[in-house]
Number of protein chains: 2
Amino acid sequence: MKKSITIKDIAKELNVSTATVSRALRNSSEISKETKQAVMKIAKEMDYHPNLLARSLISKSSKVLGVVVPTINRQFWSNSISGIESVAYKKGYKVMIFQSAESYQKEVEIVEILANSMVDGILIAFSKETQDFAHIEHIVDRGIPVLLFERVCDALQLSKVKTDDFFGSKTIVNHLIERGRKKIAYIGGPLSLTVCMDRFLGYQSALSDNNLPFNQDWVVEISDFNTDNSSEAFKELWKLENKPDAVFCFADILAIGVLAVSKELGIKIPRDLAIAGFGNDDITKYVSPSISTMAQPSFEIGQLAARLILKEINSEEEIDFIYKTEIIKPNLIVRESS
Amino acid sequence: MKKSITIKDIAKELNVSTATVSRALRNSSEISKETKQAVMKIAKEMDYHPNLLARSLISKSSKVLGVVVPTINRQFWSNSISGIESVAYKKGYKVMIFQSAESYQKEVEIVEILANSMVDGILIAFSKETQDFAHIEHIVDRGIPVLLFERVCDALQLSKVKTDDFFGSKTIVNHLIERGRKKIAYIGGPLSLTVCMDRFLGYQSALSDNNLPFNQDWVVEISDFNTDNSSEAFKELWKLENKPDAVFCFADILAIGVLAVSKELGIKIPRDLAIAGFGNDDITKYVSPSISTMAQPSFEIGQLAARLILKEINSEEEIDFIYKTEIIKPNLIVRESS
DNA sequence: CTGAAAGCGCTAACAC
DNA sequence: GTGTTAGCGCTTTCAG
């Protein structure tokens with residue numbers, strides 16, 4: 001690394017103190033116009049750049065928000081990050097993004113690094129593995145603002161922003177029922193995850209509201225969300241004596257897997273089987289038949305999350321800040337598959 | 001922000017100097033076992049955490065790589081970032097991700113922030129707008145290792161990693177020709193971008209190698225890569241007296257737009273028209289008919305990029321490091337659309 | 001083996 | 001208006 005120019009160098013060049021240079025560079029009102037201009041000029045000539053780390057060390061604020069998501073490789077997450085960035089950027093904050101890759105171990109490490117790097121706040125969506133939240137409680141104790149989004153933990157008393165999964169799931173299952181379906185299967189994820197549990201409960205609630213039987217055979221739990229797994233899951237469902245006439249999938253990607261198999265098996269969609277997903281990934285619009293789904297306002301969730309944590313960061317008294325939980329309702333998108 | 005525990009606090013507690021604490025914490029060999037254990041014990045009890053910024057300030061290394069991409073919202077970019085992370089993480093480096101959102105202005109700001117934050121290296125894929133590379137030359141002059149990936153600039157003498165666009169485009173156009181197509185249209189992006197130019201040249205080269213006419217009417221340039229724009233572009237192509245019998249699209253997303261319109265217009269794929277994309281986004285596999293495309297090894301590009309810049313960062317002498325340019329060949333994936 | 005002191009680059013009291 | 005001094009949290013000579 002090349003030696004970089006510091007305020008010391010400028011001070012020496014101009015025969016003034018570093019304090020003066022520091023003040024001039026930040027355009028402090030107590031510095032004369034002449035010195036300011038002189039400092040600016042030399043700074044430019046010498047190609048001076050302020051060291052942000054040194055500043056953060058003093059100000060105890062790095063103007064950085066840390067974001068931890070399971071992966072940036074799925075639209076929901078990348079969109080919500082874009083939402084976070086859009087508001088953070090406007091307020092002069094940078095965003096540091098990390099992927100836990102659904103690993104608890106990695107999540108813990110990341111949180112530790114972030115906390116030790118003086119980020120001003122952390123926004124986190126838990127990994128699928130995460131069951132223990134000591135790492136979060138720990139940094140909260142250290143006084144670091146933390147906000148949970150989407151993959152949250154109810155027990156933690158913190159601000160939270162997430163999709164209304166119960167509502168979303170109930171809405172789309174109701175839609176299937178309105179379409180005349182009576183034997184609705186569900187392909188979902190591990191119920192230990194709040195999201196999975198909520199969507200499952202929404203599914204159940206829609207059934208019972210409509211006096212439809214709940215059949216355990218029609219519920220499949222898979223842990224890795226990919227098309228192959230859901231294809232497999234659906235194949236099993238289709239082997240049943242009592243076949244479902246609709247499948248509601250926890251996530252769009254799973255619905256895609258079901259769709260693929262249906263084609264293989266010659267099942268006509270939606271005549272023989274209705275399919276519904278969750279998330280409104282681009283892909284649901286372009287496959288044929290296109291897939292009905294719930295649109296999650298991912299970008300807005302990110303924006304809201306960022307606004308909330310920035311408010312928390314900038315609240316003078318810790319006392320006057322109250323943790324808020326925002327539950328965002330997703331929208332039903334009806335397409336050809338139902 | 002709560003007051004945090006520092007080595008000073010530990011030192012006071014144990015009646016030793018901060019130097020001793022510092023050494024003990026880093027398990028230095030010149031400290032006795034007893035003091036080490038005592039320090040560790042108290043550190044744990046007091047819930048001490050090292051301030052990474054303070055360390056970076058001294059070591060002049062933050063163990064952070066900065067990554068700048070146009071967006072994380074497309075598979076190619078999120079995958080390549082995952083590739084970068086996977087190797088960085090193993091070597092003890094963190095990755096800070098930024099999105100330029102295709103804005104030159106924002107890209108410049110980001111690069112400045114990164115440079116001033118003592119990141120150990122910067123990996124950048126230029127925004128579509130970027131034509132002037134002074135911001136890069138500038139930080140290179142400051143001694144910061146920079147690597148260009150995918151959206152590179154030939155004039156810059158730096159390490160580069162990218163897809164072999166000329167080869168890829170030529171390969172898939174050749175494939176269309178082998179399939180008997182003679183009137184191949186091209187929907188691409190602004191030729192000022194190297195990627196766009198290279199793919200365009202590959203297209204031309206394939207045509208001329210096969211003694212097929214190059215028809216300017218069959219070439220459309222669009223600047224915003226989305227399905228609507230490519231749908232529009234294709235509609236125009238289809239109004240021509242002399243219609244194409246195949247369309248090669250610069251990116252998969254554009255191919256999706258063409259596919260959508262073809263359905264509307266009742267064009268049979270691939271009978272009346274063959275479609276080819278570039279990128280092998282998941283979606284190309286799931287639409288119907290599925291789309292032929294070139295698979296870009298995005299994850300590998302990221303890995304390679306990270307390895308290269310880490311090598312540069314860790315080369316003692318600046319002299320003994322030679323900038324490398326790695327061009328990765330994409331693979332042809334033939335599907336139903338051609 | 002351990003401590004004192006200087007310093008990374010910058011800011012902030014407190015003088016004058 | 002500007003300089004002096006101290007210090008953010010940590011590491012690193014240099015002594016002893």
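Any value given below was found using the heavy atoms of this structure, including those in side chains, with hydrogens, waters and symmetry copies removed. So that the names make sense, note that chain A is the first sequence line, chain B the second, and so on, each numbered from 1.
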Undergrad: Side chains of T163(A) and E150(A) only: does a donor on one sit below 3.5 Å from an acceptor on the other?
TA: yes

Undergrad: With heavy atoms under 4.0 Å as the rule, sort N116(B) into base, sugar-phosphate or nothing.
TA: nothing

Undergrad: Return the value, rounded to whole Å, for the distance between atom CD1 of I10(A) and atom C1' of dT2(D).
TA: 16 Å

Undergrad: Taking atom P of dC1(C) as reference, at what distance in whole Å does atom NZ of K33(B) sit?
TA: 11 Å

Undergrad: Hey, does the side chain of S22(A) reach the backbone of T18(A) with a donor-acceptor pair shorter than 3.5 angstrom?
TA: no

Undergrad: K8(B) side chain N/O closer than 4.0 Å to the phosphate oxygens (OP1, OP2) of dG7(D)?
TA: no

Undergrad: Quickly work out the M46(B) CE to dG9(D) P distance and round it to whole Å.
TA: 13 Å

Undergrad: Using a 4.0 Å heavy-atom cut-off, does S22(B) contact any base of the nucleic acid, only the sugar-phosphate backbone, or nothing at all?
TA: base

Undergrad: Once you round it to whole Å, what is the distance between P of dC1(C) and CG of N27(B)?
TA: 13 Å

Undergrad: I need the CD-C1' distance between Q37(A) and dG1(D), as an integer number of Å.
TA: 15 Å

Undergrad: Does T6(A) put a side-chain nitrogen or oxygen below 4.0 Å from OP1 or OP2 of dG9(C)?
TA: no

Undergrad: Okay, side chain of D120(A), backbone of S62(A): is any donor-acceptor separation there less than 3.5 Å?
TA: yes

Undergrad: Go through dC10(C), dG3(D), dA4(C) for me and flag the one nearest to the S17(B) side chain.
TA: dA4(C)

Undergrad: Take atom CD1 of I58(A) and atom P of dT11(C), then tell me their distance rounded to the nearest Å.
TA: 6 Å

Undergrad: Calculate, to the nearest 0.5 Å, the distance between atoms CD1 and CG belonging to I309(A) and L304(A) respectively.
TA: 12.0 Å

Undergrad: So if I take every side-chain heavy atom of I7(B) and compare against dC10(D), dC10(C), dA4(C), which nucleotide ends up nearest?
TA: dC10(D)

Undergrad: How many whole angstroms separate atom CZ of R23(B) from atom C1' of dG9(D)?
TA: 16 Å

Undergrad: How would you label the contact of T35(B) with the nucleic acid (heavy atoms, under 4.0 Å): base, sugar-phosphate, or nothing?
TA: sugar-phosphate

Undergrad: Between A54(B) and S32(B), name the one whose nearest nucleotide on DNA chain C is closer to the 5' end.
TA: S32(B)

Undergrad: Could you tell me whether the side chains of E112(A) and H49(B) share a donor-acceptor contact shorter than 3.5 Å?
TA: yes

Undergrad: Which sits closer to the 5' end of DNA chain C, P50(A) or S29(B), going by the nucleotide each is nearest to?
TA: S29(B)

Undergrad: Any side-chain N or O of K60(B) less than 4.0 Å from the OP1 or OP2 oxygen of dG9(C)?
TA: yes

Undergrad: dG3(D), OP1 or OP2 - any side-chain N/O from T20(A) closer than 4.0 Å?
TA: yes

Undergrad: Any side-chain N or O of R55(B) under 4.0 Å from OP1/OP2 of dT11(D)?
TA: yes

Undergrad: What is the separation between atom CG on L53(B) and atom P on dT11(D), rounded to the nearest whole Å?
TA: 13 Å

Undergrad: Give a yes/no on whether any side-chain N or O of R26(B) is located under 4.0 angstrom from OP1 or OP2 of dT11(D).
TA: yes

Undergrad: Looking at F126(A), is its backbone amide N or carbonyl O close enough to the side chain of R151(A) to form a donor-acceptor pair, meaning the two atoms are under 3.5 Å apart?
TA: yes

